Amino acid sequence: MPTNAEVAELFRGIADILDVLGERFKPEAYRRAARSIESLTEELAAVAARNELRTIPGVGDAIEEKIREVLATGHLGYYDRLQKEVPPGILELLRVPGLGPKTARRFWTELGVEGPAELADAIRQGKLDGVKGFGPKKVEQVRRALAAVAGAPTARMPIEVAFPIAHRLLEGLRRAGGVEQLELAGSFRRGRETVGDLDVLATSSDPERVFDAFSRLPEVREVRLRGGTKETVLLQNGLQVDLRVVEPTAFGAAWLYFTGSKDHNVHLRSIARDRGLKINEYGIFRGEERIGGGTETEVYAALDLAWIPPELREDRGEIDAAAHGPLPPLVEEGDLRGDLHRHLPPDAGVREVDDLLAAARARKLAYVGVVVATAPPEGPVTRLGAAPLARLDAARSPGLTVLRGIEVGPGGPPPELGGVPSDYVIVRPPEGAAGAPPSRVPGGAVLVAHLGHDDAARAWGSWATAAGAAVEVGPGADRIDATAARAIREAGGRLAIPTGLGAPDDDPVAPLALRFARRAGAGPHDVQNCDAAAPLTRSGSKRRA
DNA sequence: GCCGTTTTCGGCCCGACTGTTTTCAGTCG
């Protein structure tokens with residue numbers, strides 16, 4: 001049975017071939033279906049079994065039938081036939097930056113070139129000289145792009161890896177001066193798990209100065225292109241960054257546009273067109289007249305839509321919802337009232353305890369849970385020292401409840417931890433194996449952390465609901481991303497969001513966990529640590545410190 | 001190939017940048 005990702009990849013392959021064959025609208029139709037399928041929270045087979053494939057955005061009669069064929073047989077006759085029409089190497093040419101379907105097709109039909117290696121040979125032999133549309137600059141551009149693409153496949157980067165990089169770039173630009181507003185856009189702002197590039201948007205009275213400063217940042221390896229309003233650079237690590245500078249009056253329209261997603265933009269613009277309006281990155285227009293664009297809200301309002309949070313802008317029904325009034329509120333940083341998963345360093349002393357509690361008070365948290373002992377499925381048993389433990393228990397603060405947590409595997413606390421008094425349990429599933437939830441519930445379990453298995457998310461979500469537990473969301477290999485968080489919510493489970501208490505500014509875990517939860521559509525009621533009081537603990541009473 | 005509170009047919013977002021051209025095609029996002 002093919003996975004959703006494999007079916008999406010198949011449809012992208014179809015789109016590429018159709019592109020080279022010169023089809024006009026079909027390629028985008030297949031790509032749109034591919035994007036939708038990728039973002040599903042369950043297997044296609046389950047959707048097909050309920051006969052609901054047509055409810056997937058971009059899936060109509062023809063694509064539904066193709067999905068059913070692939071699910072049933074593992075093959076698609078249509079794709080097999082298409083593959084015979086175009087040499088495989090031509091499709092590789094589409095991966096070369098600056099080469100598109102039109103150009104690839106010309107290389108193939110006019111020069112007999114059938115792949116990247118042959119194209120490089122053709123350039124060396126001067127076969128492109130004098131070909132219409134290929135001057136010396138274009139040939140050199142293609143030659144360099146071919147050389148670059150040979151060594152570096154362009155993979156999307158996990159957002160938690162991009163986070164500190166984006167943080168540094170913005171810091172650098174601010175320090176250089178000349179920028180007024182400065183924001184990230186693109187899939188980064190939408191909180192996607194991976195980013196293909198970074199989009200940075202600025203307003204400035206002196207764009208040239210901003211571009212100059214950007215080009216000189218130490219992270220920048222080379223400037224790819226530069227015009228009056230945008231500059232594209234490549235970082236040392238290969239990540240591409242686009243910087244746009246716009247007028248302050250157009251900031252909202254530009255931020256909306258560059259945040260995407262593409263499908264969201266296309267839908268908005270088609271609504272505008274139906275109403276005799278036009279949206280571009282400079283504003284929203286009726287004829288020549290500009291009727292808004294300073295803020296995103298103005299643009300949405302001109303279409304009688306409520307403002308839509310970036311995390312939801314995927315054209316998965318959010319636009320229809322916004323037409324009927326404000327969307328249900330998503331969880332915000334200020335909604336977080338406590339944190340039940342703080343670790344202290346193994347050699348923590350009294351000082352670290354005091355710092356953590358001071359940070360909790362500064363954030364006005366109502367409760368904080370500190371892990372005092374761990375016996376995870378893998379790794380050694382660790383315990384907090386006697387002195388910091390005493391300090392923790394002795395902490396006195398009218399507003400702050402302090403709790404002791406122990407972190408254990410699905411089987412519950414091992415004998416080694418028998419003597420450790422605790423208020424609640426953090427369950428940590430074993431790494432690697434797509435572990436099924438335990439059949440019995442460890443007494444007073446309130447949190448599942450470091451789950452990391454997308455496939456198991458739905459099952460753990462159901463289990464957590466029954467256990468009165470929450471599942472921790474966040475970036476990284478052993479955490480839960482937005483898609484899995486959505487599956488947990490659909491299974492009736494609640495989420496927990498780390499607060500980042502005491503973490504440095506560029507630490508990605510807390511801000512991205514919040515974005516993932518929002519992307520999963522979670523409001524404050526769906527998040528355990530938005531509750532005003534600490535969850536019920538195993539003793540049935542809260543440890544008032 | 002998809003889609004529809006004008007539509008089951010006839011549309012399908014919009015502009016920047018580059019290189020090659022004397023007004024535009026291709027690519028990209």
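Please read these numbers as outputs of a predicted model, since none were measured by experiment. Below, read A as the first sequence line, B as the second, and so on, with proteins coming before strands; counting in each chain starts at 1. Any value given below was found using the heavy atoms of this structure, including those in side chains, with hydrogens, waters and symmetry copies removed.
Nucleic acid contact class of A:Y78 (heavy atoms, under 4.0 Å, all strands): sugar-phosphate only. The residue A:G228 sits close only to the backbone: its heavy atoms come under 4.0 Å of sugar-phosphate atoms, none of a base. Within the 4.0 angstrom heavy-atom criterion, no nucleotide atom of any strand lies near A:R24. Backbone-only engagement by A:P101 is indicated by non-hydrogen atom pairs under 4.0 Å involving sugar-phosphate atoms exclusively. If you check every strand for non-hydrogen atoms under 4.0 Å, A:E28 touches nothing. Note on A:K262: a base of the nucleic acid sits closer than 4.0 angstrom, heavy atoms only. Within 4.0 Å (heavy atoms only), A:D61 reaches sugar-phosphate atoms of the nucleic acid but no base atom. No contact: A:E231 has no heavy atom under 4.0 Å from any strand. Residue contacts for A:K26: at a heavy-atom cut-off of 4.0 Å it reaches a base atom on one of the strands shown. Nucleic acid contact class of A:N280 (heavy atoms, under 4.0 Å, all strands): sugar-phosphate only. Among the heavy atoms of the strands lying under 4.0 Å from A:Y30 are primed sugar atoms or P, OP1, OP2 only; no base atom is included.
Base pairing of B:dT8 is not made with any nucleotide, judged by Watson-Crick or G-U wobble geometry with both donor-acceptor distances under 3.5 Å.
A salt bridge links A:E140 with A:R143: the distance from a Lys NZ or Arg NE/NH1/NH2 to an Asp or Glu carboxylate oxygen falls below 4.0 Å. Using a cutoff of 4.0 Å between basic side-chain nitrogens and carboxylate oxygens, A:R31 and A:D19 are scored as salt-bridged. Salt-bridge annotation for A:R226 and A:E208: present, with a side-chain N of the basic residue lying under 4.0 Å from a carboxylate O of the acidic one.
Comparing the C1' positions of B:dT23 and B:dG19 gives a spacing of 14 Å, expressed to the nearest Å. Distance check on atom P: B:dG4 versus B:dT8 gives 13 Å, rounded to whole Å. Between B:dC17 and B:dT22, the distance separating the two P atoms is 23 Å to the nearest Å. Comparing B:dT27 with B:dT20, their P atoms sit 14 Å apart, to the nearest whole Å. To the nearest whole angstrom, the two P atoms, one in B:dC9 and one in B:dA16, are 38 Å apart. As rounded to the nearest Å, B:dG10 and B:dT6 have C1' atoms that lie 13 Å from one another. B:dC3 and B:dC13 have their C1' atoms separated by 16 Å, with the value rounded to a whole Å.
B:dT21: glycosidic angle beyond 90° from 0, hence anti.
Protein chain A touches strand DNA chain B; the 5'-most and 3'-most nucleotides with an atom under 4.0 angstrom of its non-hydrogen atoms are B:dG1 to B:dG29.
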Identify all side-chain donor-acceptor contacts of residues 158-170 of chain A below 3.5 Å with residues at least two apart in sequence or on another chain.
unit_1 : atom_1 : unit_2 : atom_2 : d
A:E160 : OE2    : A:G476 : N      : 3.3
A:R168 : NE     : A:E219 : OE2    : 3.3

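Of the two residues near DNA chain B, A:G60 and A:F258, the one whose nearest nucleotide lies more 5' is A:G60. Position along DNA chain B of the nearest nucleotide to A:I279 versus A:R275 favours A:R275 as the more 5'-ward residue.
At distances below 3.5 Å, not a single donor-acceptor pair connects side-chain atoms of A:R316 with backbone N or O atoms of A:P57.
Note on residues 19-58 of chain A: pairs passing ring pair (Phe, Tyr, Trp, His ring centres under 6.0 Å), not counting sequence neighbours, are A:F11-A:Y30.
Residue A:Q181 qualifies as enclosed at atom CD: its count of foreign heavy atoms under 6.0 Å is above 12.
In this model, a donor atom of one side chain and an acceptor atom of the other lie less than 3.5 Å apart for A:E490 and A:T41.
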